[in-house]
Amino acid sequence: MKDTFYITTTLPYVNADPHIGFALELVQTDIIARAQRLSGKDVFFNTGTDEHGQKIYQKAQEERKDPQAYVDEFAARFGLLKEALNVSYDSFSRTTDPAHIASAQEFWRKCDAAGDIYKKNYKVKYCVGCELEKTDSELEDDRCPLHPDKELEIREEENYFFRFSKYQDKLLALYKENLDFVVPDMRLREITKFVERGLQDFSISRLKAKMPWGVPVPGDPDHIMYVWFDALVNYISAIGWPSDMEKFEKWWPVVQVAGKDNLRQQAAMWQAMLMSAGLLLSRQIIIHGFITSGGKKMSKSAGNVINPFDLVEEYGTDALRYFLAREVNPFEDSDVTMERFKEAYNANLANGLGNLVSRIMKMVTSYDVRPELPSEEDVLADDQTGVKDILNELSNFSFQKAADGIWAEIGNMDFFIQSTQPFKLIKTDEKKAKEYVEVLVIKLWYVAIMLTPLLPTTAEKIKSAIKNHEMPEPLFMRK
RNA sequence: CGCGGGGAGGUGUAACGGUUGCACAUCGGGCUCAUAACCCGAAGGCAGUGGGUUCAAUUCCUACCCCCGCAACCA
């Protein structure tokens, strides 16, 4: 079995500040990456930013900025998530990077050589009121909601199209033969149904005269690649395709983590593009749900936006990681409110884990218990400790189940202290008391190792306190 | 008949063809090592509604009601 593992998030589009939905995707991906590393795999973890396209171009113009300066600024803001969420990515890909641009162009040539790219007239609906092109989903009753009294103009332009329709059967075969190609199941069913209904070729270029901010189409100076086409190629450009094929071969294929809004693009369009270019398909697509706030989609106007940086500021990195891993359903939409966050924080981190560490380490240090600890490597290799099971669950996206298992163990340990009462026994039977505390600290050692992918900093603090035989600072203060 | 997801104690949620589990909140008891934390116990759900399959359904099927996403070039 290949002992390398390549995983990536989607690249968020940089027309707004990072929000908690993307934080969810990053943390989920990071947990899997860390669990795989602990299991002994050689891991490559990619994320980055998608920086081309009309919306960015417009925004930059509105703010009277050079598009590159504009995206540089946003890329830096997304880069701050690395530290805020303590994510262990190996590569931060930006689609404006020259190597990526060259890769996207080579990819285009491959698809073109396969006969899958052709020119066609593309009809767009244009609202003269807004002076903007409109898509069907932006319209109400086939009219611009902002200018319902004005007729929409139909404008035509020549675009390049990708022969998506050609790959319908191959895609269906892929889904049928590879039942965990998309997880969860319901998303595989959803994409299968979608493809069964028939595919339309999609436009993959824009006129440069209208929208210059993108990757130039090879051999046609009048056209710019449509942002989707360019952005998807990042998954292979990030690992060296085509300039460093040795690196590419080492890591490809990829496990992709994406939101449910990205199902089609990742599980169908991108796979068809890979087929066209003659590359191996992705290994697996994991589709997470959305985070809602107060039962509603987060929006500035509703005033219910939850900013990941604010949560980290108030509760800390590991508290946010904990919440996203355990209190949020990895596949379904989940509601997040500040109340719920605080409740989960106090119950499980302050009163649960944090308090347990304090009570055990207090006894360890005052009774001077110095157990022999198995090495971390030995614990990871031992089937009996339950650590392996936890890592497996984390690798298989069962974040909640893994966390439930760890917190059940925390509960057991609190119960063990209560029922053996070493703090009382120390006065009458010192040897026995110390034996109990020794059992506890070894169990805590295992717990710390299990926690590593979920709460890396906290796990490190616990391990360090145990190894150094010292009372740690409180891990999570009550709020 | 466009596609898909969901309706469970005060709130939020998990699993499951055969005593509904967990967290928070509430009530009673215990402990003092600990972050007024921890442990034990109690109360609280006819599992949206009607029908069906089954020895047995919250779990499978079906109809209806309600909520939520998506419906392609919007990344």
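Fair warning: this is a prediction, and the values are worked out from it, not measured in the lab. Here is the naming used below: chain letters follow the sequence lines, and residue numbers restart at 1 for every chain.
As judged by a 4.0 angstrom heavy-atom cut-off over every strand, A:Arg340 is placed among residues touching the sugar-phosphate backbone only. In this structure, A:Leu232 reaches neither bases nor backbone, as no heavy-atom distance under 4.0 Å exists between it and the strands shown. Nucleic acid contact for A:Glu332: sugar-phosphate only, since backbone atoms but no base atoms lie under 4.0 Å from a heavy atom of the residue. Among the protein residues, A:Gln200 comes within range of the nucleic acid bases, having at least one heavy atom under 4.0 Å from a base atom. Using a 4.0 Å heavy-atom distance criterion, A:Arg189 is classed as a sugar-phosphate-only contact. Across all strands shown, A:Leu475 has heavy atoms under 4.0 Å from base atoms, whether or not it also approaches the sugar-phosphate. As judged by a 4.0 angstrom heavy-atom cut-off over every strand, A:Gly214 is placed among residues making no nucleic acid contact. The residue A:Met363 sits close to a base: some heavy atom pair falls under 4.0 Å. Residue-level contact check: A:Tyr13 touches the bases, meaning some heavy atom is under 4.0 Å from a base atom. Residue contacts for A:Ala347: at a heavy-atom cut-off of 4.0 Å it reaches the sugar-phosphate backbone alone, with no base atom in range. Across all strands, A:Asp50 comes closer than 4.0 Å to base atoms (heavy-atom distances). Within 4.0 Å (heavy atoms only), A:Phe476 reaches at least one base atom of the nucleic acid. A:Leu11 comes within 4.0 angstrom of a nucleotide base, judged by non-hydrogen atoms across all strands. A:Lys260 comes within contact range of the sugar-phosphate backbone alone, with a heavy-atom separation under 4.0 Å but no base atom that close.
As rounded to the nearest Å, B:G41 and B:G48 have C1' atoms that lie 33 Å from one another. Going from the C1' atom of B:A8 to that of B:G21 covers 12 Å, rounded to whole Å. Across B:U19 and B:G12, the matching C1' atoms stand 24 Å from one another, rounded to whole Å. Comparing the C1' positions of B:A25 and B:U58 gives an interatomic distance of 25 Å, to the nearest angstrom. B:C61 and B:U20 have their C1' atoms separated by 22 Å, with the value rounded to a whole Å. Using atom C1' as the reference point in both B:G45 and B:G9, the two lie 4 Å apart (nearest Å). Rounded to a whole angstrom, the distance from the P atom of B:U53 to that of B:A57 is 11 Å. A gap of 13 Å separates the C1' atoms of B:C60 and B:C16, to the nearest Å.
Between A:Arg197 and B:G2 there is no side-chain polar atom (N or O) within less than 4.0 angstrom of OP1 or OP2. Taking 4.0 angstrom as the limit, A:Asn329 places a side-chain polar atom (N or O) nearer than this to OP1 or OP2 of B:A14. Residue A:Lys424 places at least one side-chain N or O under 4.0 Å from the OP1 or OP2 atom of B:U32. Side-chain nitrogen and oxygen atoms of A:Arg326 include none within less than 4.0 Å of the OP1 or OP2 phosphate oxygen of B:G12.
Using the six-membered ring where Trp is involved, A:Tyr167 and A:Phe162 have ring planes that are parallel, under 30° apart on the 30 and 60° scheme.
A:His52 pairs with exactly one of A:Tyr57, A:Tyr13, A:Trp213, A:Tyr70 by the ring-ring contact (aromatic ring centres under 6.0 Å, His included) rule, that one being A:Trp213.
Of all the heavy atoms in A:Cys111 and A:Phe229, the pair that sits closest is SG-CZ, 4.2 Å.
Across all strands shown, B:U26 forms a Watson-Crick or G-U wobble pair, both distances under 3.5 Å, with B:A42. Using N1 to N3 plus N6-O4 or O6-N4 for Watson-Crick, or N1-O2 and O6-N3 for G-U wobble, each under 3.5 Å, B:C3 pairs with B:G69. Here B:A56 sits opposite no nucleotide as a Watson-Crick or G-U wobble pair (both hydrogen-bonding atom distances under 3.5 Å). Here B:A63 sits opposite B:U49 as a Watson-Crick or G-U wobble pair (both hydrogen-bonding atom distances under 3.5 Å). Nucleotide B:A34 forms a pair with no other nucleotide shown, judged by Watson-Crick or G-U wobble geometry with both contacts under 3.5 Å. Under the Watson-Crick and G-U wobble criteria, each requiring two contacts below 3.5 Å, nucleotide B:G21 is paired to B:U13.
Side chain to side chain, A:Asn262 and A:Thr10 fail the donor-acceptor criterion of an N or O pair below 3.5 Å.
As rounded to whole Å, 17 Å separates atom P of B:G5 from atom CZ of A:Phe194. A:Glu343 places its CD atom 12 Å from the P atom of B:A23, with the value rounded to the nearest Å. For A:Arg187 and B:G6, the CZ to P distance is 10 Å, given to the nearest whole Å.
Electrostatic pairing of A:Lys59 and A:Glu62 does not count as a salt bridge here, judged by no charged N lying under 4.0 Å from a carboxylate O.
Between A:Asn412 atom CG and A:Leu440 atom CG the span is 11.0 Å, to the nearest 0.5 Å.
Distance from the side chain of A:Asn355 is smallest for B:A37 among the nucleotides B:A37, B:C73, B:C33. Among B:U32, B:A72, B:A34, the nucleotide with an atom closest to any side-chain atom of A:Arg264 is B:A72.
Aromatic pair A:Phe416/A:Tyr436: ring centres closer than 6.0 Å.
Atom NZ of A:Lys260 sits in a crowded spot, with more than 12 heavy atoms from other residues, nucleotides or ligands closer than 6.0 Å.
We find that the ring of A:Phe202 and the base of B:C73 do not stack by the test of centres under 5.5 angstrom and planes tilted less than 30°.
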